[in-house]
There are 2 protein chains.
Amino acid sequence: MPRIVAERADALPALAEVFREHGYEGASLSLIGAATGLGKGSLYHFFPGGKEEMAKAVLGEIDAWFEQHVFATLREATRPEEGLAAMLDAVDGYFRSGRRVCLVGAFALGDTRDRFAREIRGYFSRWAAALCAALARGGRGAAAAAALAEEILADIQGAIVLARALDDPGAFARAVTRLRRRYEMGR
Amino acid sequence: MPRIVAERADALPALAEVFREHGYEGASLSLIGAATGLGKGSLYHFFPGGKEEMAKAVLGEIDAWFEQHVFATLREATRPEEGLAAMLDAVDGYFRSGRRVCLVGAFALGDTRDRFAREIRGYFSRWAAALCAALARGGRGAAAAAALAEEILADIQGAIVLARALDDPGAFARAVTRLRRRYEMGR
DNA sequence: GCCGTGTTGTACCGATTAGTAAAATAGTGA
DNA sequence: TCACTATTTTACTAATCGGTACAACACGGC
């Protein structure tokens, strides 16, 4: 089995960047080819399902990253506040302190949502569930924890929108420190 | 001057809906034609600048609507809490209680932002400014008012993302009531 | 009725789209 | 070296893209 350097997974980061910047429809095969350095032949060799399979693979990798670095941390932290602080650190890093967009959120706003409804809903609902559980372990009632989890997620996603709209990453950074302070996870 | 039924402004609502659902790139002229009932000839007669002019017109109308129903209300309300309550009512109605997306926010997340950077930034910065002023008149310090205004905007935009992602308009409705309660504007 | 202007339908342009097919290349195990 | 297979290049669809040009149409003033 010829195993050169090329791996399907190697193309995923560049692929993700293209979808993030141009959206699903806007990510043309020529843009994808330029970003990944792969010709159409290679792309369809690795992703026989075309663009849809590429986007699904990207969503899968994003999901796995959050599962590992965010959801698991939230679930496993001995003290819930530590889990929340770790989540904010990971999120701040992942979204490049407001300079990077949430691909899942961007997909959710457009008509692309219907195509990847399962993946999008899974990402956010598992994030909300992990966050909710951590808040509940922190002593809050089930209802309050659920409401708070939703508010925190909305704050993060909204801050990304705002940072892009105002062209001011600071809007995202301020949201993160605001969240850190509110739940007394200051650093 | 022949003044039939057709007015350029008559096409704007349908036009806005197409851009909202499909994004700027995804809003093809055939989709636009189907939604407005106008052929290409008519569209380019009313909007010689093509899609870009159509989108600018839509953004302008949205801006005017918010200026009239949200920003002005925030500025003119005798008691600031009334202005905030009126804003939440207007926003809840405009976004169809979470079943409708914010076109400006959706544009901000994609590469369409660069094309309409001025309009997008203006919309959000004027909204933030009006909200900030109302909060300041309510007795908060300048810095606290600015931070709070940003948080409220992020909460609204993030709730729209969440509602779409989870396919649950309730996520938006809960955010609105949450905001109403927090600032004691219950109804 | 006619004229002029505002509106619309239609044919067309070159460019680009996603995707297919197959020939050519390159690396690996024997 | 050879055979086998993974990978890549290339050429090619058929459809659609945004946009242009222009002829046909509809209406109001006269």
Side-chain angles (χ1 to χ4, degrees), chain A residues 1-59 103 106-107 110-116 119, chain B residues 1-59 103 106-107 110-116 119:
Chain A
M1 321 129 183
R3 190 99 309 166
I4 319 183
V5 245
E7 283 273 354
R8 176 187 141 126
D10 296 341
L12 287 184
L15 218 34
E17 239 8 71
V18 178
F19 282 123
R20 235 186 287 273
E21 289 172 15
H22 303 279
Y24 181 75
E25 314 266 358
S28 68
L29 286 183
S30 60
L31 276 175
I32 292 174
T36 58
L38 265 47
K40 265 199 256 193
S42 306
L43 286 171
Y44 275 88
H45 176 70
F46 289 125
F47 307 94
K51 268 176 74 173
E52 178 147 355
E53 186 172 343
M54 300 180 206
K56 278 230 170 82
V58 166
L59 287 172
L103 176 64
F107 274 12
D111 60 350
T112 312
R113 181 199 59 165
D114 301 328
R115 192 180 233 121
F116 304 108
E119 290 81 0
Chain B
M1 324 129 182
R3 190 98 310 168
I4 319 182
V5 245
E7 283 272 353
R8 177 187 139 124
D10 296 341
L12 287 184
L15 217 33
E17 237 11 69
V18 178
F19 282 123
R20 233 186 288 273
E21 289 172 15
H22 302 280
Y24 181 75
E25 315 267 357
S28 68
L29 285 183
S30 61
L31 276 176
I32 292 174
T36 58
L38 265 47
K40 264 200 256 195
S42 305
L43 286 172
Y44 275 87
H45 176 71
F46 289 125
F47 306 95
K51 266 176 75 172
E52 177 147 355
E53 187 173 342
M54 299 179 207
K56 279 230 170 80
V58 165
L59 286 172
L103 176 64
F107 274 13
D111 60 350
T112 313
R113 181 200 59 166
D114 300 328
R115 192 179 232 122
F116 305 107
E119 290 82 0

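A, B, ... follow the sequence lines: proteins, then strands. Residue 1 opens every chain. Scope of the values below: all heavy atoms of this structure, side chains included, with no hydrogens, waters or symmetry mates.
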Atom pairs, N/O to N/O, protein against nucleotides 13-17 of chain D, distance under 3.5 Å?
unit_1: D:dC17; atom_1: OP1; unit_2: B:Ser28; atom_2: OG; d: 3.1
unit_1: D:dC17; atom_1: OP2; unit_2: B:Ser30; atom_2: OG; d: 3.4

For this session: Could you state the atom-to-atom distance from CD of A:Glu53 to C1' of C:dT20 in whole Å?
Result: 16 Å

Seminar exercise, completed: Rounded to whole Å, the CZ-C1' distance (A:Phe47 to C:dG19) equals 16 Å

Exercise. Is the shortest distance from a Lys or Arg side-chain nitrogen in A:Glu53 or A:Arg8 to a carboxylate oxygen in the other one below 4.0 Å?
Worked result: yes

For this session: Tell me, with the steps shown, if B:Phe46 and B:Leu38 meet side chain to side chain contact (heavy atoms under 4.5 Å, CB included).
Result: CA-CA 10 Å; B:Phe46 289 125; B:Leu38 265 47; 4.0 Å; yes

For this session: Answer with base, sugar-phosphate or nothing: what part of the nucleic acid does A:Gly41 contact at a heavy-atom distance below 4.0 Å?
Result: base

Exercise. Does a side-chain N-to-carboxylate-O contact under 4.0 Å join B:Lys51 and B:Glu25?
Worked result: no

Exercise. So A:Phe19 and A:Tyr24, would you call those rings parallel, tilted or perpendicular, with 30° and 60° as cut-offs?
Worked result: parallel

For this session: Check the pair B:Lys56, B:Phe47 against side chain to side chain contact (heavy atoms under 4.5 Å, CB included), reporting the backbone distance first and the verdict last.
Result: CA-CA 10 Å; B:Lys56 279 230 170 80; B:Phe47 306 95; over 6 Å; no

Seminar exercise, completed: From OH of A:Tyr44 across to P of C:dA21 the rounded distance in Å is 12 Å

Exercise. Taking for each residue the nucleotide of DNA chain C bearing the nearest heavy atom, is the 5' side occupied by A:Lys40 or by B:Gly39?
Worked result: B:Gly39

Exercise. Taking atom P of C:dT20 as reference, at what distance in whole Å does atom CG of A:Leu43 sit?
Worked result: 13 Å

Problem set entry | Short side-chain N/O contact from B:His45 to OP1 or OP2 of C:dT8, under 4.0 Å | no

Exercise. Should B:Leu29 and B:Met54 count as side-chain neighbours, where that means a heavy-atom distance under 4.5 Å?
Worked result: yes

Exercise. Rounded to whole angstroms, how far apart are CE on A:Met54 and P on C:dT17?
Worked result: 13 Å

